[in-house]
Undergrad: 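Following this message is one structure expressed as structure tokens.
In what follows, chains are A, B, ... by sequence order, proteins preceding strands, each numbered from 1.
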Amino acid sequence: MKYSKRLSRYLLPTVKEDPKEAEIPSHRLMIRAGMIRKLASGIYEFLPLGWRVVKKVENIIREEMDGIGGQEMIMSAVQPKSLWDETGSGRWYLYGPELIRFTDRNDREFCLGPTHEEVITHIVASNVKSYKELPLLLYQFQMKYRDEIRPRFGIMRAREFYMKDAYSFDRTVEDCRKSYEDNFKAYERIFRRCGLDFVSVEADTGNIGGQSSHEFMVIADTGEEEIAVCRCGYGANTEMAEFRTDDRADGDRQEAVRELEEVHTPGVTTVEEVAGFLKETPKKFIKTLLFRTDDGRHIAAFIRGDHELSEHALKKAASANAIEFIDDDTIKKKLKSSPGFSGPVGLSSSGAAIELYMDSAAAGIVNGISGADRKDYHLRNINVRRDMKADFREGNFRKARQGDLCPKCGGALVFKRGIEVGHTFLLGTKYSESMKAVFVNDQGSEENMIMGCYGIGVTRVVAAAIEQSHDGNGIIWPAPISPFDVLLVQIARDADEFCAELFGKLSEEYEVLWDDRALTPGVKFKDAQLIGIPVQIVIGKKYKETGEVEIQYRKTGEKEFVRPEHISEKLKKRSG
RNA sequence: CGGGGUGUGGCUCAGUUUGGCUAGAGCACUCGGUUCGGGACCGAGAGGCCGUCGGUUCAAAUCCGACCACCCCGACCA
């Protein structure tokens, strides 16, 4: 017997009107379909129907994780600060206010886990000693806690969310690559099975750390991430995307090179303001961005005015782990420049200790405009190769954008929006080294374990599935993650017995929700569309006349009439 | 945290500009009746110290102040 329910005995508070707090389809529909309710900003309850979908996704993930040798366990959501101190990486502080902290009655500090690298590494470090016990792949499903700056879009970006996190431990980097590959492939199977249209892209490793990283993106206009993909299979977060340029299109190359000239630009600092003031296009500007690296060096990046800096590319070129803007005081005193009026000419000739990174597009500007490194003045007619007085590094330091070409095949990059539902990291020894997760190899000496970690936002997958599959009437569930297989819609009021019998029979094979509520047909049909179960079996007045019942398919709206004993056969043919 | 906005029965909202006597509508809910294949109809009910605290006033949902909550735009992430 499958899990089946009568709707009259099921908590399914559907809502006719759009809730005003919800903007995007998934959020709206999850509330309207009685799946979730909000308890506080970014904190949601899952009602029975919503939780069933979460469990469907969870089970698919579980099967695939087990399939690659994963072992499920559960760690505490509560973590002691002392454990975080062990990494020596200062992650307790790096995580900042996003970490939900509290103290117990004895003033010991704890947090609610935003992720579990520290805990799992601790467990493995203290329980695994020999190369004979490796590799290991451990995973769990659990609520994670992040005090997001701005919770948004219902469960899409919540402060409490359900996540699958897996951690691999290997003897060698090659073995770890294999583990990474296994997980990567499992992710592809998982998202395919969930019926999602997705791509995997190269990604930044963020504050989890590590060497290699991929994000799994569900394609949706409402996605928060911008990704660049190519027909050849290349794909990357735009933050990361490499590209070849086709800047010939930009050329005012014929323009005659003119003499440097200082112009008075009182109080105008941003590219837009100065462009307006001087009546020039942003393409003529060299935007100057000043950073301090985590190891204390000063660097300047020069980007064309209409371009955006790729922090990733700059960090990579400068071999920095992190960069932050330089404060005004330092700009004045150490760099002998003026905040808001910095530019390549002054910075390269002042003798200040600063590394210079010039984006290729900016380098190619003829008679460009930039700050004059003194308050309220800009320089015009800058020609980088002529006017820069110190060595600089040239390269791509901007983000890819429309019109750029694929770095692999030279084809046109296509930009899409995506919802990040999964992220894989090849961590290496970042945690094992600091937390002494070591094993004894077959030579009898100690080595650090090589780690990987792999997350899937289970609740976000649910929201993403709805973003991708809905219409004006409601949700359209992909069959594998639908909360029920079949919705039995009883319209005829004198059909209780018939429906009860059919319900019992169908339940042997399908998870059935029987709408046995004493409501008017309109309400029941609308609710049926809203909650989006793929197959509806409607018992109306016709069943008595012809002995046939009606099957309606949510996705296409098609209807067909069959004898009750042929339902199963029909559905099999349909799905097969 | 910066910018914008909203708080009035369970839900969606009117009323606030120009203070005034019992605070409204639709939906949902309860009871009775009529309906019964695409969010029905009639009748009768129940449900609100108008986000909170303080102030102005003869009188405050309405004016003033503080606070709180929530939503949207930016930096963070599964």
Undergrad: Counting just side-chain N and O atoms, does T520(A) come under 4.0 Å of either OP1 or OP2 of G39(B)?
TA: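 T520(A) to G39(B) OP1/OP2: no side-chain N or O under 4.0 Å.
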Undergrad: Determine whether the aromatic ring of F525(A) stacks with the base of G39(B), defined as ring centroids separated by less than 5.5 Å and ring planes inclined by less than 30°.
TA: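 F525(A) ring does not meet the centre or angle cut-off for G39(B); no stack.
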Undergrad: Under 3.5 Å for both donor-acceptor distances, Watson-Crick or wobble: does U6(B) have a partner, and if so which one?
TA: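 Paired with A69(B).
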Undergrad: Quick one: which of C77(B), U35(B), C76(B) gets closest to the side chain of E148(A)?
TA: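 Nearest listed nucleotide: C76(B).
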Undergrad: Check the distance between C11(B)'s C1' and K38(A)'s NZ and give it to me in whole angstrom.
TA: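 Whole-Å distance recorded here is 13 Å.
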Undergrad: Under 4.0 Å, counting only non-hydrogen atoms across every strand here, what does K541(A) touch: a base, just sugar-phosphate, or nothing?
TA: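 Answer is base: heavy atoms of K541(A) come under 4.0 Å of a base.
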Undergrad: When the ring planes of F503(A) and W514(A) are compared, do they come out parallel, tilted or perpendicular, using 30° and 60° as the limits?
TA: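 Judged by the thresholds at 30° and 60°, the geometry between F503(A) and W514(A) is tilted.
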Undergrad: Quick check for you: among C11(B), A78(B), C76(B), whose closest atom lies nearest to any side-chain atom of V15(A)?
TA: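 So the nucleotide nearest the side chain must be C11(B).
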Undergrad: Between the base of G39(B) and the side chain of Q529(A), is there any donor-acceptor pair under 3.5 Å?
TA: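 For Q529(A), whose side chain was compared with the base of G39(B), there is no donor-acceptor pair (under 3.5 Å).
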Undergrad: What nucleic acid atoms does M156(A) come within less than 4.0 Å of, heavy atoms only: base, sugar-phosphate, or nothing?
TA: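 Base contact - M156(A) has a heavy atom under 4.0 Å of at least one base atom.
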Undergrad: If you go through the side-chain atoms of R460(A), does one of them form a donor-acceptor pair with the base of C77(B) closer than 3.5 Å?
TA: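 Side chain to base: pair present.
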Undergrad: With a 4.0 Å limit, can you tell me whether R159(A) has a side-chain N or O closer than that to the phosphate oxygens OP1/OP2 of C77(B)?
TA: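 So the side chain of R159(A) is outside the cut-off, no N or O lying under 4.0 Å from OP1 or OP2 of C77(B).
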Undergrad: Less than 3.5 Å between a donor and an acceptor, one on the side chain of R32(A) and one on the base of G39(B), is that the case here?
TA: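 Such a pair exists between side chain and base.
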Undergrad: How many Å lie between CD1 on I24(A) and P on C71(B), as a whole number?
TA: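 Interatomic distance, CD1 of I24(A) to P of C71(B): 13 Å.
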Undergrad: When both hydrogen-bonding distances must be under 3.5 Å and the geometry is Watson-Crick or G-U wobble, what is G24(B) paired with, if anything?
TA: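 Partner of G24(B): C13(B).
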Undergrad: Report yes if a donor N or O on one partner sits less than 3.5 Å from an acceptor N or O on the other, where the partners are the side chain of E17(A) and the base of G26(B); otherwise report no.
TA: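 Yes, a donor-acceptor pair under 3.5 Å.
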Undergrad: Between F216(A) and R152(A), just flag the one whose closest nucleotide in RNA chain B comes earlier from the 5' side.
TA: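 Mapping each residue to its closest nucleotide by heavy atoms, the 5'-most match is R152(A).
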Undergrad: Look at R150(A) and C72(B) and indicate whether a side-chain polar atom (N or O) is within less than 4.0 Å of OP1 or OP2.
TA: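 Answer is yes, contact under 4.0 Å.
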Undergrad: Return yes if the base of C77(B) and the side-chain atoms of R157(A) contain a donor-acceptor N/O pair under 3.5 Å, otherwise no.
TA: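 Per atom types, the contact qualifies.
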Undergrad: Taking a pair as Watson-Crick or G-U wobble with both distances under 3.5 Å, which nucleotide is matched to A60(B)?
TA: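 Base-paired to nothing in any strand shown.
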Undergrad: Aromatic ring centroids of F184(A) and F216(A) under 6.0 Å?
TA: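 Yes, the ring centres sit under 6.0 Å apart.
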Undergrad: If you measure from the P atom in G20(B) to the same atom in G33(B), how many Å do you get, rounded?
TA: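 My reading of the P atoms in G20(B) and G33(B) gives 44 Å.
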Undergrad: Say you pick atom P in U16(B) and the same atom in C21(B); how far apart are they, in whole Å?
TA: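 Nearest-Å result for U16(B) against C21(B) at atom P: 13 Å.
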Undergrad: With no hydrogens and no angle check, do the side chains of E558(A) and Y553(A) hold a donor and an acceptor under 3.5 Å apart?
TA: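 There is no such pair (donor and acceptor under 3.5 Å, judged by atom type) between the side chains of E558(A) and Y553(A).
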Undergrad: Mind checking G422(A) for me? I need base, sugar-phosphate or nothing, with any heavy atom below 4.0 Å counting as a touch.
TA: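 Here G422(A) touches the backbone only, sparing every base.
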Undergrad: For G19(B), which nucleotide in any strand shown is its Watson-Crick or wobble partner with both distances under 3.5 Å?
TA: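 Paired with no nucleotide.
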Undergrad: With a 4.0 Å cut-off on heavy atoms, is A158(A) in touch with a base, just the backbone sugar-phosphate, or nothing at all?
TA: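 Here A158(A) touches the bases of the nucleic acid.
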Undergrad: In terms of side-chain geometry, is the basic nitrogen of D471(A) or R554(A) positioned less than 4.0 Å from the acidic oxygen of its partner?
TA: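 Salt bridge: yes.
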Undergrad: What's the CD-P distance between E311(A) and A75(B), to the nearest Å?
TA: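 Those two atoms, CD and P, are 11 Å apart.
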Undergrad: By the 4.0 Å heavy-atom rule, please label V523(A) as base, sugar-phosphate, or nothing.
TA: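 Base, at least one base heavy atom under 4.0 Å.
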Undergrad: Does a donor on one side chain sit under 3.5 Å from an acceptor on the other, for Y162(A) and E58(A)?
TA: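 The answer is yes; a qualifying pair exists.
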Undergrad: Using whole Å, what does the distance between atom P of nucleotide A75(B) and atom CZ of F291(A) come to?
TA: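 For the pair F291(A) CZ and A75(B) P, the rounded distance is 14 Å.
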Undergrad: Does the structure show a Watson-Crick or G-U wobble partner for U34(B), both distances under 3.5 Å? Name it, or say none.
TA: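 When the pairing criteria are applied, A40(B) turns out to be the nucleotide that pairs with U34(B).
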Undergrad: Answer yes if the ring centres of F498(A) and Y543(A) are under 6.0 angstrom apart, and no otherwise.
TA: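 For F498(A) and Y543(A), the ring centres are under 6.0 Å apart.
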Undergrad: Base, sugar-phosphate, or nothing: which does I149(A) touch, judged by heavy atoms less than 4.0 Å apart?
TA: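 Base, at least one base heavy atom under 4.0 Å.
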Undergrad: U8(B), A78(B), G37(B): which one has an atom nearest the side-chain heavy atoms of K559(A)?
TA: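 For K559(A), the side-chain atoms sit closest to G37(B).
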Undergrad: Are T424(A) and Y180(A) close enough that a side-chain donor and a side-chain acceptor fall under 3.5 Å?
TA: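 Yes, a side-chain donor-acceptor pair sits under 3.5 Å.
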Undergrad: Base, sugar-phosphate, or nothing for P19(A), non-hydrogen atoms under 4.0 angstrom?
TA: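 Sugar-phosphate only.
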Undergrad: Let me know, please, whether E215(A) or Q536(A) comes out on the 5' side of the other along RNA chain B by nearest nucleotide.
TA: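 Mapping each residue to its closest nucleotide by heavy atoms, the 5'-most match is Q536(A).
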Undergrad: Would you indicate what Q552(A) reaches in the nucleic acid, counting non-hydrogen atoms under 4.0 angstrom: base, sugar-phosphate, or nothing?
TA: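 Touches a base.
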Undergrad: Under 3.5 Å for both donor-acceptor distances, Watson-Crick or wobble: does G74(B) have a partner, and if so which one?
TA: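 C1(B) - that is the nucleotide pairing with G74(B), both distances being under 3.5 Å.
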Undergrad: What I want to find out is whether R159(A) reaches E148(A) closely enough, with some N-O distance under 4.0 Å, to be called a salt bridge.
TA: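 No salt bridge links R159(A) with E148(A).
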Undergrad: By nearest atom, which of the nucleotides C13(B), C71(B), G74(B) is closest to the K20(A) side chain?
TA: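 The listed nucleotide nearest to K20(A)'s side chain is C13(B).
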Undergrad: Considering only atom C1', compute the distance from C11(B) to A28(B) and round it to an integer number of Å.
TA: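 Here C11(B) and A28(B) have their C1' atoms 7 Å from each other.
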Undergrad: Roughly how far apart, to the nearest Å, are G10(B) and G4(B) at atom C1'?
TA: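 Going atom to atom, C1' in each nucleotide, I get 29 Å.
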Undergrad: Which nucleotide wins on minimum distance to the side chain of D527(A), given the candidates C71(B), G39(B), G37(B)?
TA: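 For the D527(A) side chain, the nearest candidate turns out to be G39(B).
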Undergrad: Are Y454(A) and F425(A) an aromatic pair, judged by ring center distance below 6.0 Å?
TA: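 No, they do not, as the ring centres are separated by 6.0 Å or more.
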Undergrad: Expressed in whole Å, how much space separates the C1' atoms belonging to U52(B) and C70(B)?
TA: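 After rounding to an integer number of Å, I get 15 Å for this pair.
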Undergrad: Provide the Watson-Crick or G-U wobble partner of A46(B), both distances under 3.5 Å; none if there is no partner.
TA: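 A46(B) is paired with nothing.
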Undergrad: Tell me whether the side-chain N or O atoms of E550(A) pair up with the base of G37(B) as donor and acceptor below 3.5 Å, since no angle test is needed here.
TA: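 Check passes, donor-acceptor contact within cut-off.
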Undergrad: Between A78(B), G37(B), C71(B), which one does the side chain of M163(A) approach most closely?
TA: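 Given the options A78(B), G37(B), C71(B), the side chain of M163(A) is closest to A78(B).
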